*Asks:* 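Next up is a structure, given as structure tokens.
Naming convention: chains lettered A, B, ... in sequence-line order (proteins, then strands); numbering from 1 in each chain. Only a predicted model underlies this, so the values are computations on that prediction, with no experimental measurement involved.
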2 protein chains.
Amino acid sequence: MIFTTKAEYGVRLLVELGRQANDAPVSLKAIAENEGLPLAYLERIVALLKRADLVESTRGAHGGYRLARDPESVTMDEVVLALEGSVAPMSCFVDETDDGRVLCSHVDDGEACATKFLWLRVQGGVTEALRRTTLAELVAFSAKQDVAQSAETLGSALPLHSAA
Amino acid sequence: MIFTTKAEYGVRLLVELGRQANDAPVSLKAIAENEGLPLAYLERIVALLKRADLVESTRGAHGGYRLARDPESVTMDEVVLALEGSVAPMSCFVDETDDGRVLCSHVDDGEACATKFLWLRVQGGVTEALRRTTLAELVAFSAKQDVAQSAETLGSALPLHSAA
DNA sequence: CTTAATCCTACCAATGCGGTAGGAGAAACC
DNA sequence: GGTTTCTCCTACCGCATTGGTAGGATTAAG
Ligand code: FES
Ligand code: FES
């Protein structure tokens, strides 16, 4: 259960844009150098964000990208959805009907698989966690920088140990 | 963000075991045929469950597997952890210190990456959803599905969720 | 007209995943 | 004892995806 680096890099890109308070567009090159990420790969990632109208672009010299909306109104579920294409805990969840209903591919004679119940809960937990996190929050967090991640950070986190 | 089929098959295997109320061990072959899953693959999966003491085995003819604990006490976070090895929304989360603290691999001069805050929340949401779901719950759910199915075949259809 | 930037698309190596194959022990039955 | 039926173990393999690169076309500032 691991998001791809598209989500990681994309979110980081947005945070980087959010840190620039002014309206001047920021070039990808600057972001790539700032975050130590491959420029060519970032180009493909930012295209996803633009397609979702989360980012505006200005072409040509002195061009770049800027946020299309107020950082406080940008929730992470939109962002991750735009970057990853779907927020699904199991592969059968990627194909959804128009209403967002999951169509269970493991159906035998009208009997839904027992796991559907579980994955729906997990999906709900993820999207809820994503939805209640705004871009502005992440920007503020990154501004705090070397302040130790105190109870505020770890409060809602319940880390698990890997036994293996 | 997708779990592998190890989680899917493993949970389904446990549910199948949970449906057997008696103490007689169930062979993997029976489960594989019942669920339409490859037997050889299930063997490797059930090994993970046994290593986590979620399942007991009896070798030899008429042998098989049975639940090692009461289904009500088995929470899905243990199960998924045993099957997947870790519950991590990002690859940097798989390596943890002894205390379960995440060691951030993208650290620039003491500054943690802005995304850590987000992924910690997501991880928390997932583990919370997993922890509050017990195996007994899933067994009950799958039993309800059967009732719905048999009722459907008898002509008195009771719609659990109407199809779109 | 040069330069700096966004765009677009094809390509590529590596990794992991889902699955297979072939056995070696262990217990029940005849 | 031999056969059958299981659990166990480990190596192998095709395939899809991921993360990343290459190369160029387009647009606009200076
Ligand atoms: S096939 Fe995954 S929910 Fe039914
Ligand atoms: S590198 Fe992922 S949390 Fe910092």
*Asks:* Looking at D/dT7, I'd like to know if its phosphate oxygens (OP1 or OP2) sit under 4.0 Å from a side-chain N or O belonging to B/Lys50.
*Replies:*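 So the side-chain polar atoms of B/Lys50 never come under 4.0 Å of the phosphate oxygens OP1 or OP2 of D/dT7.
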*Asks:* Could you state the CG-C1' distance from A/Leu39 to C/dC8, rounded to the nearest angstrom?
*Replies:* 14 Å
*Asks:* Over how many whole Å does the gap from A/Glu56 atom CD to C/dT6 atom C1' extend?
*Replies:*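 Result: 14 Å.
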*Asks:* Between B/Thr75 and B/Arg131, do the side chains contain a donor N or O and an acceptor N or O under 3.5 Å apart?
*Replies:* no
*Asks:* Within the modelled atom types, does a donor on one side and an acceptor on the other bring the side chain of A/Arg44 and the base of C/dT9 under 3.5 Å apart?
*Replies:*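 Side chain to base: no pair below 3.5 Å.
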*Asks:* Can you tell if the side chain of B/Tyr65 reaches within under 4.5 Å of the side chain of B/Pro25, non-hydrogen atoms only?
*Replies:*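 No - every pair of side-chain heavy atoms lies 4.5 Å or more apart.
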*Asks:* Could you tell me whether the side chain of A/Arg59 has a donor or acceptor atom within less than 3.5 Å of a complementary atom in the base of C/dT6?
*Replies:* yes
*Asks:* Is B/Ser57 close enough to D/dC8 that one of its side-chain N or O atoms is under 4.0 Å from OP1 or OP2 there?
*Replies:*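 Yes, such a contact exists.
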*Asks:* Would you say B/Thr4 and B/Leu83 make side-chain contact, with heavy atoms under 4.5 Å?
*Replies:*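 Not in contact.
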*Asks:* When you measure from the side-chain N and O atoms of A/Thr4 to the phosphate of D/dG19, is any distance below 4.0 Å, counting only OP1 and OP2?
*Replies:* yes
*Asks:* Mind calculating the distance between OH (A/Tyr41) and P (C/dC7) to the nearest angstrom?
*Replies:*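 The distance from OH of A/Tyr41 to P of C/dC7 comes to 18 Å, rounded to the nearest Å.
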*Asks:* Figure out the CG/C1' separation between A/Leu49 and C/dC7, and round it to whole Å.
*Replies:* 15 Å
*Asks:* Would you call B/Arg121 and A/Glu137 a side-chain contact if the rule is heavy atoms closer than 4.5 Å?
*Replies:*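 In contact.
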*Asks:* Using a cut-off of less than 4.0 Å, is there contact between a side-chain N or O of B/Tyr9 and OP1 or OP2 of C/dG18?
*Replies:* no
*Asks:* What integer distance in Å separates B/Glu43:CD from C/dG25:P?
*Replies:* 16 Å
*Asks:* Give a yes/no answer on whether the side chain of B/Thr5 brings an N or O atom under 4.0 Å of OP1 or OP2 in C/dG18.
*Replies:* yes
*Asks:* Roughly, in whole Å, what's the span from CD1 in A/Ile31 to C1' in C/dT6?
*Replies:*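 Rounding to the nearest Å, CD1 of A/Ile31 and C1' of C/dT6 are 13 Å apart.
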*Asks:* Which whole-number value in Å describes the distance from A/Ile45 CD1 to D/dG19 C1'?
*Replies:* 9 Å
*Asks:* Does A/Tyr65 have a side-chain nitrogen or oxygen under 4.0 Å from the phosphate oxygens OP1 or OP2 of C/dC7?
*Replies:*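 Checking A/Tyr65 against C/dC7: at least one side-chain N or O falls below 4.0 Å of OP1 or OP2.
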*Asks:* If we ignore angles and hydrogens, is there a donor and acceptor under 3.5 Å between the side chains of B/Thr58 and B/Arg66?
*Replies:* yes
*Asks:* Looking at D/dA28, I'd like to know if its phosphate oxygens (OP1 or OP2) sit under 4.0 Å from a side-chain N or O belonging to A/His62.
*Replies:* no
*Asks:* Taking for each residue the nucleotide of DNA chain C with the nearest heavy atom, is it A/Leu28 or B/Ala40 whose nucleotide lies nearer the 5' end?
*Replies:* A/Leu28
*Asks:* Can you tell me how far P of C/dG18 sits from CD1 of B/Ile2, to the nearest Å?
*Replies:* 10 Å
